[in-house]
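Accompanying notes for the structure given below.
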Amino acid sequence: MTRIFLLLLSAAPFLLAAPAAALPRLERGNLIFDNIPEAAPGLSEKLDAYLNARQATPLGFSPKGQLLIATRFGEVDQLHLVERPGGERRQLTFQREPITQGAFSPDPGRSAYVYLKDVGGNENAQLYYQHLGEPQPKLLSDGKSLNGGPVWSNSGREVAFFSTARDGVSYDIDVVEPEAGSLPRLAVTGGDGANWYPLDWSPDDRKLLVLKYLSISEAYLYVVDLYTGQRREVDPTPAKVGIVGARFSRDGQGVYLISNRDGEFAQLRYVNLFTAEKTVISGAISWDIEELTISRDGHYLAYVSNEGGVDKLNLLDLKAHQDLIPPRLDAAGIIDSLSFDAEGNRLAFGFAAPNRPRDAYVLDIASNHLEAWTHSEAGAVDTAKFVTPRLSHFPTFDRVDGRQREIPVYVYEPTTPGPHPVLIALHGGPESQFRPGFDPWLEFVVNELGFAVVAPNVRGSSGYGKSYLALDNGKLREDAVKDIGALLVWLRLQSAYDAKHVVVSGASYGGYLTLATMVEFSDRLRGGVDLAGIADFVSFLTNTAPYRQNQRRVEYGDERDPDMRVFLRRISPLTNAERISRPLLIVHGKNDPRVPLSEAEQIVNRVRARGGEVWYLEAGDEGHGFRKKQNRDAYYRAFAQFLIKLSN
């Protein structure tokens, strides 16, 4: 089927050779297609079968035991309510913009919830409050600033959230009473280049547990008294540590937190606020702990460990001081979005695997019975044919502990005979990690286009310890590009792959890596696909949203320092664009506050000015990535056309 499909597509005239002249610039709704050919016959139908898949993310229980989820039945994700396992998904919000975050008030007398919504991907999300059955929500924030992270008080009377309303830059923490009709009040004044996030309320609602976040490797945890304003640091240390999350114990005596204070990996710890006694709970797990939640009665604690990219659910009985063994999931994948119901009897979480969309699952703790509450559709495709990636490693240029360093890589291989063309998929972040979740686009590339997909977690990726995370910081940035060079060498040595047909792709920081790889290794590549990538570090750091600048300078370097500015300019793909000798597909959202549109425009203009071939797709109603289905579909159609062209 794969070879027949490619043969039919290759008959289309535009695939036989690069166009002699640039194709016209077309505007269709909010999309601009610049030098992008029309879809080949049969391509859209084949691709749509995969892209029509949907997923469901659990957002927590209502006081009545219903499950709030985010899922898509039209263009974008909206909030829905599910009453029982496999029950009808009752839609609550009907907005043009996606809504993926929401939470019910724990007050059983209100049946009300809050949610966040921005406009056109600009990320200036506003906080809304709505009662079940009421047609219109109430705006709680100022209508223009960045807001997020809403956390209900235990009484359900107040909501804490972060906001840049005060000065447009600082992450403060505000508290609002939705029923009172009053304006939010300032609870924690941010600043100092840090972002402040509310994490939890103390059992008596007098205090907030808040995180002062400077970078993935430096954060500080505080208890803030809302009546006196006093801040008290939890578990202070002279060394910089990363903190992932934290919750009050339900007796108010201590705090459970996830921190890499004493080792390479983030561990689950308990700190007594009165005696300062510390206990490491997850010490037997030599991987990062990602997320935790505690039942309202303090009986159970659930947390997720990321073990080589695959998640494991862990459950503790805090009263009996023992580990429980939840049912084993029948596939390796990703677990997230943990929450207990009001009584602490049930635990909800999201689970996705390469052959199944993310769905909401609920564990009944007393019976240890696990059941799916949603059954998301995977589209008009047979998921039994979906390929599960295997984890492999390849040697890179440097050594550690006297041996050549090994870089982890996930590999999707077609079932058809090789050698196969290769798509390299580079994750963003850079403090992120490629994980084996549900990705119908990659399955299309493997099953229908016959590509092998290789997804490396190059240095700087999370999940492998804080030393590995720091290997690309500042002036070590080019070492991550060298890792991709080592991957290209490794691919040449594998008989299963056609090393003469390799395409590189990535989004955000992965887009930068794509462009940098095209600069350094164009002679080994067929082309590159860049979604919202950084072209010039200096212009990026200067023009990214003001509330993001300090954090990005910690990772990439401070462009205001003359020496660092010279270095950043030297390694930027824009500076070296003349070395890009293969075709590019550049994709960007007009309203992107993280990597501004000017990054795409610069690289498109520079490469074209030197005679290079560039396909360019711009979405006027998107930000950092494409969240609307018709835009996402257009992006993947262009991507598929690009891969087919490069395969000839």
Side-chain angles (χ1 to χ4, degrees), residues 54-119 125-141 143 147-161 174-182 184 198 201 205 293 295-296 337-350 358-362 371-376:
R54 60 174 136 250
Q55 305 193 65
T57 302
L59 303 177
F61 288 96
S62 76
K64 296 181 180 179
Q66 305 146 312
L67 193 60
L68 183 67
I69 67 166
T71 192
R72 179 190 60 78
F73 275 87
E75 270 293 296
V76 294
D77 281 6
Q78 295 292 314
L79 299 184
H80 295 72
L81 205 58
V82 181
E83 303 273 352
R84 60 186 182 279
E88 177 185 356
R89 289 163 279 192
R90 172 188 169 193
Q91 190 164 340
L92 302 183
T93 56
F94 299 84
Q95 305 288 339
R96 293 185 177 181
E97 301 293 343
I99 299 177
T100 59
Q101 297 181 62
F104 264 94
S105 166
D107 182 352
R110 290 193 180 178
S111 294
Y113 54 94
V114 293
Y115 64 87
L116 295 164
K117 181 180 73 71
D118 72 358
V119 176
Q126 302 304 310
L127 185 63
Y128 294 87
Y129 176 69
Q130 190 163 2
H131 285 268
L132 276 179
E134 289 190 355
Q136 295 297 325
K138 178 195 295 184
L139 177 65
L140 299 180
S141 48
N147 304 274
V151 182
W152 281 101
S153 63
N154 294 288
S155 68
R157 186 169 63 91
E158 296 177 299
V159 180
F161 63 101
D174 289 348
V175 173
V176 65
E177 294 184 44
E179 292 288 342
S182 55
W201 293 74
D205 285 342
T293 191
S295 62
R296 193 169 184 182
S337 307
L338 304 178
S339 62
F340 284 99
D341 66 3
E343 292 76 25
N345 297 326
R346 296 178 298 174
L347 172 69
F349 60 90
R358 180 190 293 107
D359 269 311
Y361 289 78
V362 174
E371 195 165 11
W373 274 48
T374 61
H375 299 279
S376 295

Exercise. Do the non-hydrogen side-chain atoms of Asn154 and Arg296 ever get within less than 4.5 Å of each other?
Worked result: yes
For this session: For Glu83, check salt bridge (charged side-chain N to carboxylate O under 4.0 Å, His left out) against everything at least two apart and list the hits.
Result: none
Exercise. Under 3.5 Å, is there a donor-acceptor pair between the side chain of Trp201 and the main chain of Val151?
Worked result: yes
Exercise. Shortest non-hydrogen contact from Gly350 to Pro58?
Worked result: N-CG, 3.4 Å
For this session: Please check if the side chain of Gln78 supplies one atom and the backbone of Gln95 the other of a donor-acceptor pair under 3.5 Å.
Result: yes
Exercise. Any cation-pi pair here, Arg54 with Phe73, using under 6.0 Å and within 45°?
Worked result: yes
Seminar exercise, completed: Taken to the nearest 0.5 Å, the spacing of Tyr115 OH from Ile99 CD1 works out to 5.0 Å
Problem set entry | Heavy-atom side-chain proximity of Pro178 to Val159 below 4.5 angstrom | yes
Problem set entry | Backbone of Ala372 reached by a side-chain donor or acceptor of Asp359 within 3.5 Å | no
Problem set entry | Backbone N/O of Ala103 and side chain of Trp152: donor-acceptor pair under 3.5 Å | yes
Problem set entry | Steps toward side chain to side chain contact (heavy atoms under 4.5 Å, CB included) verdict (His131, Glu179) | CA-CA 10 Å; His131 285 268; Glu179 292 288 342; 2.6 Å; yes
Exercise. Do any N or O atoms from the side chain of Lys117 and from the backbone of Glu97 form a donor-acceptor pair under 3.5 angstrom?
Worked result: no
Exercise. So, the side chain of Thr374 versus the backbone of Ala360: is there a donor-acceptor pair under 3.5 Å, distance only?
Worked result: yes
Exercise. For the residue pair Gly60 and Ser339, what are the closest heavy atoms and their distance?
Worked result: CA-OG, 3.4 Å
Exercise. Once you round to the nearest 0.5 Å, how far does CD1 of Ile69 lie from OG1 of Thr100?
Worked result: 13.0 Å
For this session: Answer yes or no: is there a donor N or O on one side and an acceptor on the other, between the side chain of Thr93 and the main chain of Leu79, under 3.5 Å?
Result: yes
Exercise. Is the backbone of Ser105 close enough, under 3.5 Å, to the side chain of Arg110 for a donor and an acceptor to pair up by distance?
Worked result: no
Exercise. To the nearest 0.5 Å, what is the distance between OH (Tyr113) and OH (Tyr129)?
Worked result: 11.0 Å
For this session: Check whether any side-chain heavy atom of Arg358 sits under 4.5 Å from a side-chain heavy atom of Thr57, and report yes or no.
Result: yes
For this session: Using atom types as modelled and distance alone, determine if a side-chain donor or acceptor of Gln66 lies under 3.5 Å from a backbone N or O of Arg84.
Result: no
Seminar exercise, completed: One should read off an interatomic distance between Arg90 CZ and Leu68 CG, to the nearest 0.5 angstrom, of 11.0 Å
For this session: Mind checking the CD-OG1 spacing from Gln91 to Thr71? Nearest 0.5 Å is all I need.
Result: 9.5 Å
Problem set entry | Side-chain heavy atoms of His375 within contact of Arg89, under 4.5 Å | no
For this session: Please confirm whether the backbone N or O of Gly143 pairs with a side-chain atom of Gln126, one donor and one acceptor, at under 3.5 Å?
Result: yes
Exercise. Restricting to pairs with a member in residues 57-77, which pass salt bridge (Lys or Arg N to Asp or Glu O under 4.0 Å), not counting sequence neighbours?
Worked result: none
Problem set entry | Derivation of the side chain to side chain contact (heavy atoms under 4.5 Å, CB included) call for Phe104 and Leu59 | CA-CA 9 Å; Phe104 264 94; Leu59 303 177; over 6 Å; no
Problem set entry | Nearest-0.5 Å distance, CD of residue Gln101 to CG of residue Leu127 | 10.0 Å
